[in-house]
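The structure under discussion appears below in the form of structure tokens.
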Amino acid sequence: MKGPHNIWRLIRTGATLERTGAMGVVLEAFNAPPNLRIAARLLGWPFKWLGLKGDSNMPPATRALTALGPAYIKFGQVLSTRPDVVGDELAVQLKVLQDKLPPFPTEIAKEMIEAELEVPVDQLFSEFSGPVAAASIAQVHRARLAETGEEVAVKVLRPKIEKAFRKDIDAFYFAASMIEFLSPSSRRLRPNEVIRHFEGVVMGELDLRLESSAAAEFASTTDKDDGFRVPKTHWFLSSRNVMTMDWVEGINAADIAGLDAAGHDRNAIGERILKLFLQHALRDGFFHADMHQGNLKIGKNGEVIAYDFGIMGRLDEYTRRVYAEILYGFIRKNYRRVAEVHFEAGYVPADRDIDEFARALRAVGEPIFGMDATRISMARLLAYLFEVTERFGMETRTELILLQRTMVVVEGVARSLNPTINIWQVAQPIVENYIRENIGPRALARDLAKTAQVLARFGPKLPRLAEAALIRQSEQTPPPPRTSRRQIAGWIVFGAVVGAGLTAMASLL
């Protein structure tokens, strides 16, 4: 219920940050201005005694977020991949949120498995370990199938996790409404729609049947990608609260020392992760939208092994083309074209000055090129982008939220492996290839062929539809020259021939 009772939740959030000592760490990490620091302390300090204590063995920020609940943990997971935004110290503290949270008892996990699959655990698995990883949503156990001896990973949702998430999301809705009320200019960012989108994503993550389906689809779309692997799902050992997949051996992508000791080329792996993400987003329109280090392993041959498919992103073909043209424009430093694409897609109101917008984009893009990536402050870059969007009245595109968020996370993962990586240089060949294949004469021919195929399905109805249209037109306007059935049939045959030709052309492209 999105009501004023959530004031208590928000007060407790500030109080918890103050009590755990995280308030100062967070303000310092984000380089908050003096007036904000003073306001935060004045609001947090008087209620400090109301804050949650958390685990005193954890660092302050991790302690606060784990005490506040799963939705806050999810936020911390994203920040853990961006040391360039929050600083190295805070990023290191938050990394434990990825897969090293306190687990729940193994016996409870077994009870949940038996209740879900309606078979005793001992009959399903000859071996069943304690938790090997624990995150905000679920924990993972290593097991061996009793029937085949295969090693598998068994994922089990945390008890009562859905209720806890709904409680947090409820408070987020209230905060979004308060922001819109107190700051009318923020409405263009559509805070409530952003939270609604987040809610839909998280609720989907809480049904492991959907994750099993996503994993199977992702495996199908990426099965020919070199250096990438998705473990196989065991459907008959999966349900709403339980998911079983092949066990995969590998080094966690966050274990830099382990990767170096194994002789892996971290620079190559960082580039591969970036390229794979762009290929999946542009080529397939279906991508892993939670690619932090805790969800990636590196195999013996340097292959990237992905798991945890609770959050997946989709982009329709038109949005992919817009996204590719924007990236391509930045890569080519063609800021005028980037501005035109924003206007053509409706991302910027039509009454704004396109030349001014192009100039603002140049100020964003130019610092990226010809500079060592370690000298680029992503925090300042994001702050300037926000100023640009506010100035030109751009609204939040909810369909791009996951893409933008994942792009930030993936770049963070790549930079943790190679601090000097430049995302634009790595992206260039992927984007250029997509542009060649999907924007231009070939793409036009394919689009026309698809249109002809759709029309062909209505072939038997076309004579009747055409005649009905002519009758309606004759009733509304003075009688035009009579169109005979033979003429109508001629146009239909012509359309069929054109459609067949375009279909053949598309098959050759």
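Predicted model, so just to flag it, every value in this text is computed and none were measured. Keep in mind that the numbers below use all heavy atoms, side chains included, and drop hydrogens, waters and symmetry copies.
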Grab the two heavy atoms, one from [X] and one from [Y], that are nearest each other, plus how far apart they are.
X: Ala215; Y: Thr233; answer: CB-OG1, 3.6 Å
X: Thr20; Y: Pro60; answer: O-CB, 3.4 Å
X: Trp235; Y: Ala216; answer: CZ2-CB, 3.8 Å
X: His234; Y: Ser238; answer: O-OG, 2.8 Å
X: Phe286; Y: Phe218; answer: CE2-N, 3.7 Å
X: Thr106; Y: Pro131; answer: OG1-CD, 3.3 Å

Sequence neighbours left out, what pairs pass salt bridge (charged side-chain N to carboxylate O under 4.0 Å, His left out) with at least one residue falling in [range]?
range: residues 51-71; answer: none
range: residues 422-433; answer: Arg332-Glu432
range: residues 230-253; answer: Arg142-Glu249, Glu162-Arg240, Asp207-Arg240

Please report the interatomic distance [atom1]([X]) to [atom2]([Y]), rounded to the nearest 0.5 Å.
X: Met245; Y: Ser212; atom1: CE; atom2: OG; value: 7.5 Å
X: Ile298; Y: Ile251; atom1: CD1; atom2: CD1; value: 8.5 Å
X: Gln293; Y: Asp255; atom1: CD; atom2: CG; value: 11.0 Å
X: Asn241; Y: Leu157; atom1: CG; atom2: CG; value: 5.0 Å
X: Ile256; Y: His264; atom1: CD1; atom2: NE2; value: 11.5 Å
X: Met112; Y: Phe104; atom1: CE; atom2: CZ; value: 5.5 Å

Test ring pair (Phe, Tyr, Trp, His ring centres under 6.0 Å) applied to His141 - qualifying residues, sequence neighbours left out: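 Once residues adjacent in sequence are excluded, the partners of His141 under the ring pair (Phe, Tyr, Trp, His ring centres under 6.0 Å) criterion are Phe128.
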
Partner residues of Tyr328 under the ring pair (Phe, Tyr, Trp, His ring centres under 6.0 Å) criterion, sequence neighbours left out: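 Here no residue qualifies.
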
Can you sort out the partners of Glu150 under salt bridge (Lys or Arg N to Asp or Glu O under 4.0 Å), two or more places apart, ordered by chain and number? none

Got a sec, which residues hit salt bridge (Lys or Arg N to Asp or Glu O under 4.0 Å) with Asp168, two or more places apart in sequence or on another chain?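 Once residues adjacent in sequence are excluded, the partners of Asp168 under the salt bridge (Lys or Arg N to Asp or Glu O under 4.0 Å) criterion are Arg9.
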
In this structure, which one of Asn438, Leu315, Asp284 forms a side chain to side chain contact (heavy atoms under 4.5 Å, CB included) with Arg320?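 Of all the options given, the one that passes is Leu315.
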
Among residues at least two apart in sequence or on other chains, which ones pass side chain to side chain contact (heavy atoms under 4.5 Å, CB included) with [X]?
X: Pro429; value: none
X: Lys275; value: Glu271, Val426, Ile430
X: Arg229; value: Val248, Glu303, Ile305
X: Ser239; value: Glu116, Leu117, Val242

Do [X] and [Y] have side chains that get closer than 4.5 Å, going by heavy atoms?
X: Ile421; Y: Asn267; answer: no
X: Val140; Y: Val156; answer: no
X: Phe287; Y: Leu276; answer: no
X: Leu296; Y: Val413; answer: yes
X: Ile273; Y: Met291; answer: yes
X: Ile108; Y: Pro159; answer: yes
X: Ile137; Y: Phe165; answer: yes
X: Leu327; Y: Tyr434; answer: no

Between [X] and [Y], is there a side-chain N and carboxylate O pair less than 4.0 Å apart?
X: Asp122; Y: Lys110; value: no
X: Glu411; Y: Arg415; value: yes
X: Lys155; Y: Asp308; value: yes
X: Glu317; Y: Arg321; value: yes

Ring centres of His288 and Phe309 under 6.0 Å apart?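 They qualify: ring centres under 6.0 Å apart.
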
With side-chain contact (heavy atoms from CB on, under 4.5 Å) as the test, would you mind laying out the steps for Asp225 and His280 before giving the verdict? CA-CA 10 Å; Asp225 290 348; His280 300 160; 2.9 Å; yes

Derivation and outcome, side-chain contact (heavy atoms from CB on, under 4.5 Å), residues Leu237 and Leu145: CA-CA 10 Å; Leu237 294 174; Leu145 298 181; 3.4 Å; yes

Could you go through Leu65 and Thr16, starting from their C-alpha distance and side-chain angles, then the distance that decides it, and tell me whether this counts as side-chain contact (heavy atoms from CB on, under 4.5 Å)? CA-CA 9 Å; Leu65 294 177; Thr16 299; over 6 Å; no

Take atom CG of Asp223 as the centre, draw a 6.0 Å sphere, and report whether it contains more than 12 heavy atoms from other residues, nucleotides or ligands.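 Counting neighbours around CG of Asp223, more than 12 heavy atoms of other residues, nucleotides or ligands fall under 6.0 Å, so yes.
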
Tell me whether the count of non-hydrogen atoms from other residues, nucleotides or ligands lying under 6.0 Å of CG in Asp316 goes above 12. yes

side-chain contact (heavy atoms from CB on, under 4.5 Å), that's the test. Do Tyr347 and Val341 meet it? Break it down for me. CA-CA 8 Å; Tyr347 291 176; Val341 172; over 6 Å; no

With a 3.5 Å distance limit and no angle check, can you tell me whether Tyr307 reaches the backbone of Gly294 through a side-chain donor-acceptor pair? yes

Just jot down the side chain to side chain donor-acceptor pair (under 3.5 Å) partners of Asp260, sequence neighbours excluded, or say none. Arg266

So, Tyr72 and Thr66: side-chain donor and acceptor under 3.5 Å apart, yes or no?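 No, because no side-chain N or O of Tyr72 sits under 3.5 Å from a partner of the opposite role on Thr66.
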
When you measure from the centre of the six-membered ring of Trp247, is the NZ or CZ of Lys297 closer than 6.0 Å and no more than 45° off the axis? yes

